[in-house]
Amino acid sequence: MPELPEVETTLRGIAPHLAGQRIERLLVRERRLRLPVPPGTEEALAGQRIESLSRRGKYLLIGLERGTLILHLGMSGSLRVLPARTPPATHDHLDLYLAGGACLRLHDPRRFGLFLWTAEPPERHPLIAGLGPEPLEEGFGGDHLWRLARGRRTAVKAFIMDSGVVVGVGNIYANESLALAGIHPARPCGRVSRARYARLAAAIRQVLANAIAVGGTTLRDFVAEDGRPGYFAQSLRVYGRTGEPCRGCGEPIRQRRIGQRSSFYCRRCQR
DNA sequence: CCGGACGCCTGTCGGC
DNA sequence: TGCCGACAGGCGTCCG
(Lines give C-alpha, C1' and ligand atoms only; values in the text may rest on other atoms or scores of the structure.)
Protein backbone atom coordinates (compact mmCIF):
# COMPACT_ATOMS: atom_id res chain seq x y z
CA MET A 1 0.00 0.00 0.00
CA PRO A 2 2.05 2.82 1.25
CA GLU A 3 4.68 4.41 -0.90
CA LEU A 4 6.73 7.42 0.11
CA PRO A 5 3.84 9.95 0.23
CA GLU A 6 1.71 7.69 2.41
CA VAL A 7 4.61 7.02 4.78
CA GLU A 8 5.38 10.74 4.91
CA THR A 9 1.70 11.49 5.61
CA THR A 10 1.76 8.93 8.40
CA LEU A 11 4.96 10.39 9.82
CA ARG A 12 3.57 13.93 9.87
CA GLY A 13 0.41 12.66 11.49
CA ILE A 14 1.99 10.66 14.29
CA ALA A 15 5.04 12.82 15.04
CA PRO A 16 3.27 15.51 17.11
CA HIS A 17 1.61 12.82 19.24
CA LEU A 18 4.81 10.87 19.86
CA ALA A 19 7.71 13.32 20.05
CA GLY A 20 9.05 13.62 23.56
CA GLN A 21 6.64 11.04 24.96
CA ARG A 22 7.70 8.21 27.20
CA ILE A 23 6.80 4.65 26.20
CA GLU A 24 4.89 2.87 28.91
CA ARG A 25 4.81 -0.51 27.26
CA LEU A 26 4.54 -2.41 24.00
CA LEU A 27 1.76 -4.94 23.52
CA VAL A 28 2.25 -7.40 20.68
CA ARG A 29 -0.82 -9.43 19.70
CA GLU A 30 0.70 -10.95 16.56
CA ARG A 31 4.47 -11.31 16.26
CA ARG A 32 4.44 -12.81 12.76
CA LEU A 33 5.01 -9.83 10.48
CA ARG A 34 7.35 -9.97 7.46
CA LEU A 35 10.03 -10.54 10.06
CA PRO A 36 8.78 -11.69 13.47
CA VAL A 37 8.83 -9.02 16.18
CA PRO A 38 11.90 -10.27 18.11
CA PRO A 39 11.34 -11.57 21.63
CA GLY A 40 12.62 -9.01 24.12
CA THR A 41 11.39 -6.02 22.12
CA GLU A 42 8.85 -5.23 24.84
CA GLU A 43 11.60 -5.05 27.49
CA ALA A 44 13.86 -2.98 25.23
CA LEU A 45 11.18 -0.31 24.70
CA ALA A 46 9.60 -0.04 28.14
CA GLY A 47 10.28 3.29 29.83
CA GLN A 48 12.18 4.82 26.93
CA ARG A 49 11.60 8.37 25.77
CA ILE A 50 10.91 9.06 22.08
CA GLU A 51 13.51 11.55 20.93
CA SER A 52 12.98 11.82 17.18
CA LEU A 53 10.81 10.69 14.30
CA SER A 54 11.96 10.49 10.71
CA ARG A 55 11.57 8.62 7.47
CA ARG A 56 14.09 6.85 5.24
CA GLY A 57 12.46 5.71 2.03
CA LYS A 58 9.38 3.80 3.12
CA TYR A 59 10.82 3.08 6.55
CA LEU A 60 9.69 5.05 9.59
CA LEU A 61 12.43 5.58 12.16
CA ILE A 62 11.58 6.32 15.77
CA GLY A 63 14.67 7.41 17.65
CA LEU A 64 14.74 6.43 21.32
CA GLU A 65 17.11 7.19 24.17
CA ARG A 66 18.65 3.82 23.43
CA GLY A 67 18.45 2.54 19.88
CA THR A 68 15.88 3.03 17.12
CA LEU A 69 12.55 1.55 16.21
CA ILE A 70 12.32 0.66 12.51
CA LEU A 71 8.80 0.38 11.11
CA HIS A 72 7.61 -0.54 7.66
CA LEU A 73 3.97 -0.64 6.52
CA GLY A 74 4.40 -3.22 3.76
CA MET A 75 1.46 -3.41 1.35
CA SER A 76 -1.42 -2.98 3.73
CA GLY A 77 -0.13 -1.41 6.94
CA SER A 78 -1.33 1.73 8.65
CA LEU A 79 -0.69 3.46 11.96
CA ARG A 80 -3.24 5.23 14.11
CA VAL A 81 -2.90 7.26 17.26
CA LEU A 82 -5.80 6.35 19.54
CA PRO A 83 -6.92 6.62 23.15
CA ALA A 84 -5.32 3.68 24.97
CA ARG A 85 -8.65 2.09 25.82
CA THR A 86 -9.88 1.81 22.21
CA PRO A 87 -10.74 -1.88 21.65
CA PRO A 88 -8.54 -3.52 18.99
CA ALA A 89 -9.96 -4.73 15.69
CA THR A 90 -8.91 -7.68 13.55
CA HIS A 91 -5.35 -7.27 12.25
CA ASP A 92 -4.46 -4.68 14.91
CA HIS A 93 -1.17 -6.44 15.60
CA LEU A 94 0.52 -4.22 18.15
CA ASP A 95 0.06 -1.22 20.42
CA LEU A 96 2.70 1.14 21.73
CA TYR A 97 1.25 2.70 24.88
CA LEU A 98 2.51 6.16 25.75
CA ALA A 99 2.66 7.66 29.22
CA GLY A 100 0.27 10.44 28.19
CA GLY A 101 -2.64 8.01 27.64
CA ALA A 102 -2.44 7.59 23.86
CA CYS A 103 -1.46 4.54 21.92
CA LEU A 104 0.18 3.99 18.55
CA ARG A 105 -1.55 1.05 16.88
CA LEU A 106 -0.31 -0.94 13.88
CA HIS A 107 -3.01 -2.38 11.63
CA ASP A 108 -1.77 -4.65 8.85
CA PRO A 109 -4.05 -7.31 7.27
CA ARG A 110 -1.38 -8.84 5.03
CA ARG A 111 1.38 -8.71 7.65
CA PHE A 112 4.06 -7.60 5.21
CA GLY A 113 4.97 -4.85 7.65
CA LEU A 114 7.91 -4.66 10.00
CA PHE A 115 8.50 -3.60 13.60
CA LEU A 116 12.10 -3.91 14.76
CA TRP A 117 14.14 -2.35 17.50
CA THR A 118 17.84 -1.98 16.83
CA ALA A 119 20.60 -0.79 19.14
CA GLU A 120 22.90 0.30 16.32
CA PRO A 121 22.50 3.52 14.33
CA PRO A 122 19.69 2.93 11.80
CA GLU A 123 21.85 3.84 8.81
CA ARG A 124 24.02 0.85 9.63
CA HIS A 125 21.11 -1.57 9.77
CA PRO A 126 21.15 -3.96 6.76
CA LEU A 127 17.61 -2.94 5.73
CA ILE A 128 18.60 0.73 5.57
CA ALA A 129 22.28 0.66 4.62
CA GLY A 130 21.83 -0.17 0.94
CA LEU A 131 19.14 2.39 0.16
CA GLY A 132 19.51 4.90 -2.64
CA PRO A 133 18.98 8.67 -2.30
CA GLU A 134 15.80 10.37 -1.13
CA PRO A 135 14.00 11.66 -4.23
CA LEU A 136 12.97 14.90 -2.55
CA GLU A 137 16.45 15.77 -1.30
CA GLU A 138 19.77 16.91 -2.73
CA GLY A 139 21.73 14.10 -4.32
CA PHE A 140 18.89 12.88 -6.48
CA GLY A 141 18.52 13.97 -10.07
CA GLY A 142 18.57 12.91 -13.68
CA ASP A 143 22.32 12.38 -13.77
CA HIS A 144 22.16 9.99 -10.83
CA LEU A 145 19.59 7.86 -12.66
CA TRP A 146 21.40 8.10 -15.96
CA ARG A 147 24.75 7.01 -14.48
CA LEU A 148 23.27 4.02 -12.64
CA ALA A 149 21.39 2.89 -15.75
CA ARG A 150 24.51 2.60 -17.93
CA GLY A 151 24.77 -0.91 -19.34
CA ARG A 152 21.58 -2.15 -17.75
CA ARG A 153 18.64 -3.61 -19.59
CA THR A 154 15.86 -3.70 -16.98
CA ALA A 155 12.67 -1.91 -17.86
CA VAL A 156 12.93 1.70 -16.71
CA LYS A 157 9.86 1.22 -14.53
CA ALA A 158 11.46 -1.63 -12.56
CA PHE A 159 14.65 0.45 -12.40
CA ILE A 160 13.04 3.42 -10.64
CA MET A 161 11.21 1.05 -8.27
CA ASP A 162 14.55 -0.43 -7.15
CA SER A 163 15.20 0.98 -3.67
CA GLY A 164 18.94 0.84 -4.28
CA VAL A 165 18.47 3.32 -7.14
CA VAL A 166 16.06 5.73 -5.47
CA VAL A 167 13.82 5.15 -2.45
CA GLY A 168 10.11 5.50 -2.06
CA VAL A 169 8.86 5.02 -5.62
CA GLY A 170 6.32 2.19 -5.60
CA ASN A 171 4.00 0.94 -8.28
CA ILE A 172 1.54 3.84 -8.36
CA TYR A 173 4.10 6.62 -8.44
CA ALA A 174 6.40 4.81 -10.86
CA ASN A 175 3.52 4.61 -13.33
CA GLU A 176 2.53 8.22 -12.71
CA SER A 177 6.06 9.60 -12.99
CA LEU A 178 6.71 7.84 -16.28
CA ALA A 179 3.40 9.13 -17.64
CA LEU A 180 4.28 12.70 -16.65
CA ALA A 181 7.74 12.37 -18.18
CA GLY A 182 6.39 10.78 -21.39
CA ILE A 183 8.55 7.66 -21.09
CA HIS A 184 7.32 4.15 -21.91
CA PRO A 185 7.57 1.96 -18.78
CA ALA A 186 9.03 -1.03 -20.65
CA ARG A 187 11.89 0.89 -22.27
CA PRO A 188 15.26 -0.57 -21.23
CA CYS A 189 16.70 1.76 -18.61
CA GLY A 190 20.05 1.93 -20.39
CA ARG A 191 18.36 3.33 -23.47
CA VAL A 192 16.81 6.40 -21.87
CA SER A 193 18.72 9.57 -22.74
CA ARG A 194 20.32 11.85 -20.19
CA ALA A 195 17.89 14.63 -21.06
CA ARG A 196 14.90 12.35 -20.54
CA TYR A 197 16.27 11.18 -17.19
CA ALA A 198 16.36 14.83 -16.15
CA ARG A 199 12.65 15.03 -17.00
CA LEU A 200 11.97 11.76 -15.22
CA ALA A 201 13.71 12.86 -12.03
CA ALA A 202 11.74 16.11 -12.07
CA ALA A 203 8.53 14.14 -12.68
CA ILE A 204 9.22 11.82 -9.74
CA ARG A 205 9.76 14.81 -7.47
CA GLN A 206 6.66 16.58 -8.70
CA VAL A 207 4.39 13.53 -8.43
CA LEU A 208 5.60 12.66 -4.93
CA ALA A 209 5.39 16.24 -3.69
CA ASN A 210 1.87 16.68 -5.06
CA ALA A 211 0.78 13.39 -3.48
CA ILE A 212 2.21 14.40 -0.09
CA ALA A 213 0.40 17.74 -0.34
CA VAL A 214 -2.99 15.98 -0.51
CA GLY A 215 -2.28 13.25 2.03
CA GLY A 216 -1.22 10.41 -0.29
CA THR A 217 -3.30 7.98 -2.35
CA THR A 218 -6.14 5.94 -0.91
CA LEU A 219 -7.15 3.09 -3.21
CA ARG A 220 -8.92 0.92 -0.67
CA ASP A 221 -7.63 1.15 2.85
CA PHE A 222 -4.88 3.70 3.34
CA VAL A 223 -5.69 6.13 6.14
CA ALA A 224 -3.56 8.69 7.90
CA GLU A 225 -2.96 8.58 11.65
CA ASP A 226 -6.34 10.26 12.29
CA GLY A 227 -8.22 7.87 9.99
CA ARG A 228 -8.57 10.24 7.02
CA PRO A 229 -7.91 9.01 3.46
CA GLY A 230 -5.56 10.63 0.94
CA TYR A 231 -6.89 12.39 -2.15
CA PHE A 232 -4.22 11.82 -4.77
CA ALA A 233 -6.37 9.13 -6.44
CA GLN A 234 -8.27 12.00 -8.10
CA SER A 235 -5.10 13.13 -9.84
CA LEU A 236 -3.97 9.79 -11.25
CA ARG A 237 -3.02 10.02 -14.92
CA VAL A 238 -2.71 6.33 -15.69
CA TYR A 239 -2.72 4.09 -12.62
CA GLY A 240 -5.86 1.94 -12.53
CA ARG A 241 -7.32 3.70 -15.59
CA THR A 242 -7.14 0.82 -18.07
CA GLY A 243 -9.29 1.55 -21.12
CA GLU A 244 -10.12 5.07 -20.00
CA PRO A 245 -8.99 7.97 -22.19
CA CYS A 246 -5.50 9.41 -21.73
CA ARG A 247 -5.84 12.89 -20.25
CA GLY A 248 -3.41 14.16 -22.87
CA CYS A 249 -4.58 12.61 -26.16
CA GLY A 250 -7.69 10.54 -25.50
CA GLU A 251 -6.08 7.23 -26.48
CA PRO A 252 -7.25 4.39 -24.17
CA ILE A 253 -4.81 3.68 -21.34
CA ARG A 254 -3.05 0.35 -21.75
CA GLN A 255 -2.27 -2.15 -19.05
CA ARG A 256 0.35 -4.88 -19.08
CA ARG A 257 2.70 -6.63 -16.70
CA ILE A 258 6.23 -5.35 -16.46
CA GLY A 259 8.54 -6.86 -13.88
CA GLN A 260 5.68 -8.76 -12.25
CA ARG A 261 3.75 -5.55 -11.54
CA SER A 262 0.73 -4.08 -13.30
CA SER A 263 1.78 -1.20 -15.46
CA PHE A 264 -0.35 1.51 -17.02
CA TYR A 265 0.60 3.85 -19.82
CA CYS A 266 -0.49 5.73 -22.90
CA ARG A 267 0.95 4.21 -26.05
CA ARG A 268 0.95 7.54 -27.83
CA CYS A 269 2.26 9.87 -25.16
CA GLN A 270 4.90 7.53 -23.74
CA ARG A 271 7.79 6.30 -25.88
C1' DC B 1 26.82 -8.45 -11.32
C1' DC B 2 22.24 -8.67 -13.34
C1' DG B 3 17.52 -9.87 -14.19
C1' DG B 4 13.56 -12.53 -13.47
C1' DA B 5 10.57 -15.54 -10.63
C1' DC B 6 8.78 -16.65 -6.21
C1' DG B 7 6.95 -16.43 -1.66
C1' DC B 8 5.20 -14.21 2.26
C1' DC B 9 -0.32 -13.05 3.90
C1' DT B 10 -5.36 -11.67 3.76
C1' DG B 11 -9.09 -9.55 1.37
C1' DT B 12 -11.71 -8.48 -2.65
C1' DC B 13 -13.46 -8.80 -7.09
C1' DG B 14 -14.84 -10.77 -11.52
C1' DG B 15 -16.17 -14.71 -14.12
C1' DC B 16 -18.41 -18.93 -14.46
C1' DT C 1 -25.57 -17.91 -4.61
C1' DG C 2 -21.02 -20.07 -4.35
C1' DC C 3 -16.61 -21.27 -5.69
C1' DC C 4 -12.03 -20.30 -7.70
C1' DG C 5 -8.46 -17.88 -9.59
C1' DA C 6 -6.33 -13.53 -10.22
C1' DC C 7 -4.79 -9.65 -8.25
C1' DA C 8 -3.50 -5.91 -4.71
C1' DG C 9 0.13 0.04 -2.59
C1' DG C 10 6.50 -4.22 -0.96
C1' DC C 11 10.56 -6.46 -0.78
C1' DG C 12 13.99 -10.11 0.45
C1' DT C 13 15.76 -14.31 -1.44
C1' DC C 14 16.96 -17.59 -4.71
C1' DC C 15 18.36 -19.20 -9.15
C1' DG C 16 20.31 -19.17 -13.82
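Side chains are part of it too, since the values below use all heavy atoms of this structure and drop only hydrogens, waters and symmetry mates.
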Checking side-chain contact (heavy atoms from CB on, under 4.5 Å) against A:Tyr59, which of A:Leu116, A:Leu114, A:Leu73 comes through?
-> A:Leu114
Any strand: nucleotide that pairs with C:dG16 via Watson-Crick or wobble, under 3.5 Å = B:dC2
What integer distance in Å separates A:Ile258:CD1 from B:dG4:P?
-> 11 Å
Roughly how many Å is it from CG in A:Leu79 to P in C:dG9, rounded to a whole number?
-> 20 Å
Which nucleotide in the list C:dC7, B:dC6, C:dC11 gets nearest to the side chain of A:Gln260?
-> B:dC6
Distance test, side-chain N/O of A:Arg261 to OP1/OP2 of C:dG10, below 4.0 Å = yes
Is it true that a side-chain atom of A:Arg56 and a backbone atom of A:Leu61 form a donor plus acceptor pair closer than 3.5 Å?
-> no
Aromatic ring of A:Phe112 stacked on base six-ring of C:dC11, 5.5 Å, 30° = no
State whether the distance check finds a donor on one side and an acceptor on the other, under 3.5 Å, for side chain A:Arg110 versus base B:dC9.
-> yes
Residue matched to C:dC3 through Watson-Crick or wobble contacts both under 3.5 angstrom | B:dG15
For B:dC9, take OP1 and OP2 only and decide whether either is under 4.0 Å from a side-chain N or O of A:His91.
-> no
Distance in angstrom units between A:Arg256 CZ and C:dC7 P, rounded | 15 Å
